[in-house]
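Taking it in order: structure first as structure tokens, then the write-up.
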Amino acid sequence: MILGVCVCVTVLLCTVKGSHSRSSIVGGEDAALGDWPWMVFLNITYGRMSIPCGGSLINSQWVLTAAHCISDPRLASPDANRSFVRVGELKLGRPTGVRRNITRFLPHPDYDKNNFKYNDIALVQLQTAVPDTVAPVGLPSPRDVFSANAECWVTGWGFVAENRRLGGDQTLQQLKLPLVDDVTCRRIYPQSNYNMLCAGDLEGGRDACQGDSGGPLVCRSFGQFVQVGVVSWGKGCAKTNYTGVYTRVYNYITFIEDAIRTHGSS
């Protein structure tokens with residue numbers, strides 16, 4: 001994710017000059033099987049192209065992800081029949097997780113595909129429920145208040161540095177990150193708003209990157225993890241004085257609840 005440079009669309013989506021959708025983890029470490037039971041790998045197919053993204057299981061048949069993963073102005077609509085997700089996965093190079101087909105893509109109704117920064121959140125409905133060996137992540141409630149000292153983690157299979165893919169068996173990466181206060185976030189990214197939050201190390205070296213788009217940023221609250229953000233965009237990867245930008249999940253609880261209520265189980 002380099003300023004003003006678009007990376008091949010098979011790796012990530014890139015639509016706004018100066019800021020790019022995110023891919024993989026910089027400065028992270030290998031996760032262990034079962035550490036993040038809600039983590040989902042999405043393979044979104046557009047014609048002959050497949051785009052990898054992250055996501056999170058929020059119940060047995062619904063996945064939360066970024067809208068820019070499933071909606072791009074340069075491409076036709078994604079093919080649900082050829083797209084799929086994998087749950088309970090650890091190593092993409094040696095997959096042992098469970099594959100599920102997709103029945104429905106639901107980007108936020110106010111998502112602007114020509115400017116992916118805003119309302120960058122979406123739901124993916126699975127054709128059949130996932131097994132009990134995986135578990136959904138909790139969603140934030142009014143009682144969940146997080147400070148810079150909160151224990152927060154981002155996970156993904158994306159790049160481990162700008163233009164460097166995750167190698168080997170492609171083991172899921174995990175990275176502990178500090179939240180950044182809203183004043184600092186607006187200073188770093190004047191185009192951001194309260195539907196977004198920033199997380200990362202201003203000294204550089206730790207960040208989400210290309211391929212992590214749609215993945216969860218989770219923070220511990222009252223002894224359990226809840227998802228506070230969806231990996232969305234940022235300037236480069238792990239650059240000094242810049243952080244990652246995440247869609248603020250709490251502001252979209254009504255969208256999530258209404259969609260699940262409307263469409264239920266397929």
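Count residues from 1 along the sequence.
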* Structure fact -> By side chain to side chain donor-acceptor pair (under 3.5 Å), Thr133 pairs with (sequence neighbours left out) none

* Asked: Any sub-3.5 Å donor-acceptor pair from Ser60's side-chain atoms to Val130's backbone N or O?
  -> no

* Asked: How far apart are the closest heavy atoms of Trp62 and Gly264, and which atoms are they?
  -> NE1-O, 3.3 Å

* Mind checking side chain to side chain donor-acceptor pair (under 3.5 Å) for Ser56 and listing every partner two or more places apart, or none if nothing turns up? => Gln227

* Structure fact -> Minimal heavy-atom distance between Pro131 and Arg100, with the atoms involved, is CD-NH2, 3.8 Å

* Asked: Of all residues at least two apart in sequence or in a different chain, which pass the salt bridge (charged side-chain N to carboxylate O under 4.0 Å, His left out) check with Asp182?
  -> Arg186, Arg248

* Expected output: side-chain Tyr189 to main-chain Gly244 donor-acceptor under 3.5 Å -> no

* To do: Just say parallel, tilted or perpendicular for the rings of Trp153 and Trp36, cut-offs at 30° and 60°.
  => tilted

* Quick one: list whatever passes side-chain contact (heavy atoms from CB on, under 4.5 Å) with Leu33, sequence neighbours left out. => Leu90

* To do: Go through the structure and list residues passing salt bridge (charged side-chain N to carboxylate O under 4.0 Å, His left out) with Arg48, not counting sequence neighbours.
  => none

* To do: Keeping the roles fixed (side chain from Asp120, backbone from Ala67), state whether a donor-acceptor pair exists under 3.5 Å.
  => yes

* Polar side chain donor-acceptor pair, Gln125 to Gln61, under 3.5 angstrom -> no

* To do: Output yes when a side-chain donor or acceptor of Thr45 lies under 3.5 Å from a complementary backbone atom of Arg82, and no otherwise.
  => yes

* Asked: In chain order, what residues pass the side chain to side chain donor-acceptor pair (under 3.5 Å) check against Tyr242, with sequence neighbours excluded?
  -> Lys235

* To do: For Arg220, check salt bridge (charged side-chain N to carboxylate O under 4.0 Å, His left out) against everything at least two apart and list the hits.
  => Glu151

* **Qualifying residues under ring pair (Phe, Tyr, Trp, His ring centres under 6.0 Å), relative to Phe105, sequence neighbours excluded** => none

* Sequence-distant partners of Phe84, ring pair (Phe, Tyr, Trp, His ring centres under 6.0 Å), two or more places apart -> none

* Asked: Quick one: side chain to side chain donor-acceptor pair (under 3.5 Å) partners of Asp110, sequence neighbours excluded?
  -> none

* To do: Quick one: which residue pairs count as a salt bridge (charged side-chain N to carboxylate O under 4.0 Å, His left out) with a foot in residues 121-139, not counting sequence neighbours?
  => none

* Structure fact -> Exactly one of Thr96, Thr171, Asp30 clears side-chain hydrogen bond (donor to acceptor under 3.5 Å, both in side chains) with Lys91, and that residue is Thr171

* To do: Answer whether the closest heavy-atom distance between the side chains of Gln174 and Glu29 falls below 4.5 Å.
  => yes

* Set of residues satisfying salt bridge (charged side-chain N to carboxylate O under 4.0 Å, His left out) with respect to Arg86, sequence neighbours excluded -> Glu89

* Asked: Is a side-chain donor or acceptor of Asn195 paired with a backbone partner of Asn251 at a separation under 3.5 angstrom?
  -> no

